[in-house]
Amino acid sequence: GRVRAPIEAGERAEVDLAEVVREIIGEPPFSDRGPSVILRASPTRVWGDRARLATGLRVLLWVVRRDVGAHDSLVVTVSSDEEAAYVEIDSGGAGEIADALEKLPAVAYGLATPAGAAGTTLALQVASQVAKAHGGRLSASARIGQGERFVVELPRAVS
């Protein structure tokens with residue numbers, strides 16, 4: 001059956017995505033092992049459920065980081081423009097996670113099963129559903145010789 005992220009509960013408030021990402025990459029064991037993480041973040045505010053946003057970003061960061069080679073870095077950029085807020089994750093991965101994301105609609109209906117490490121499809125479904133519940137989306141692309149890029153795009157909070 002279809003996996004649904006627990007997105008209905010929780011109060012919505014203004015959330016700083018940069019603060020949420022800083023907390024996630026500072027949490028053990030994420031901060032204790034694996035490739036280095038380079039964070040480029042400026043205050044980026046969205047309207048949403050902080051706990052649910054953190055869950056979606058946490059599972060995405062973990063699954064992408066798992067795919068990065070030990071000698072590579074994970075570059076996370078948190079930014080916004082006039083219309084949207086972005087969390088961009090650039091990795092040295094080989095493209096398997098981006099491929100799995102492209103197959104999610106088929107996976108949700110039992111039509112295909114992407115190859116890859118256990119938990120990848122579930123993590124991407126959770127991250128994608130959390131983004132959708134906040135009026136946004138999760139996209140991915142694989143770039144030959146440059147790894148993968150994941151972008152969580154959410155409507156920016158307007159003060």
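- Proximity of K132 to R137: side-chain heavy atoms (C-beta onward) are nowhere separated by under 4.5 Å.
- Summarising the geometry, atom CZ belonging to R12 is positioned 10.0 Å from atom CZ belonging to R52; distances are rounded to the nearest 0.5 Å.
- When all heavy atoms are compared, the tightest approach of A18 to A41 is CB-CB, 3.7 Å.
- Side chains of L61 and I89 form a contact here, defined as non-hydrogen atoms less than 4.5 Å apart.
- Checked for salt-bridge contact, R149 and E88 meet the test: a charged N lies under 4.0 Å from a carboxylate O.
- Contact check for L138 versus E153: no side-chain heavy atoms found under the 4.5 Å cut-off.
- Atom CZ in F150 sits 5.5 Å away from atom OG in S91 (nearest 0.5 Å).
- The main-chain N or O of L53 is never found under 3.5 Å from a side-chain atom of T55 such that the two would form a donor-acceptor pair.
- Smallest separation of non-hydrogen atoms from S73 and S36: OG-OG, 2.9 Å.
- H134 contributes a side-chain N or O that, together with a main-chain N or O of D49, makes up a donor-acceptor pair within less than 3.5 Å.
- No donor-acceptor pair under 3.5 Å is formed between the side chain of R65 and the backbone N or O of L74.
- For the side chain to side chain contact (heavy atoms under 4.5 Å, CB included) test, residues two or more places apart in sequence or in another chain that qualify with A131 are V152, L154.
- Just one of L17, V87, V20, D16 meets the side-chain contact (heavy atoms from CB on, under 4.5 Å) condition when paired with V46; it is L17.
- Counting side-chain heavy-atom gaps under 4.5 Å among Ile, Leu, Val, Met, Phe, Trp and Tyr, the cluster of V75 also holds I38.
- Remark: R40 pairs with no residue by the salt bridge (Lys or Arg N to Asp or Glu O under 4.0 Å) rule, at least two apart or across chains.
- Proximity of V15 to R45: side-chain heavy atoms (C-beta onward) are nowhere separated by under 4.5 Å.
- Linking Ile, Leu, Val, Met, Phe, Trp and Tyr whenever their side-chain heavy atoms come within less than 4.5 Å puts V76 and W62 in one cluster.
- Residues V63 and V59 are not in side-chain contact: their nearest non-hydrogen atoms beyond the backbone lie 4.5 Å or more apart.
- Residue L39 is grouped with residue I24 when hydrophobic side chains (ILVMFWY) are merged at heavy-atom distances under 4.5 angstrom, including chains of intermediate members.
- In this structure, W47 has no ring-ring contact (aromatic ring centres under 6.0 Å, His included) partners at least two apart in sequence or on a different chain.
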Discussion item. As a quick check of understanding, evaluate side-chain hydrogen bond (donor to acceptor under 3.5 Å, both in side chains) for T44 and S80, giving each step before the final call.
Written reply: CA-CA 6 Å; T44 303; S80 64; 4.5 Å; no

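- The side-chain hydrogen bond (donor to acceptor under 3.5 Å, both in side chains) check on E19 picks up R50, with sequence neighbours excluded.
- Side-chain atoms of T77 and Y86, non-hydrogen and from C-beta on, never get closer than 4.5 Å to each other.
- Scanning for salt bridge (Lys or Arg N to Asp or Glu O under 4.0 Å) contacts around R58 gives E27, with sequence neighbours left out.
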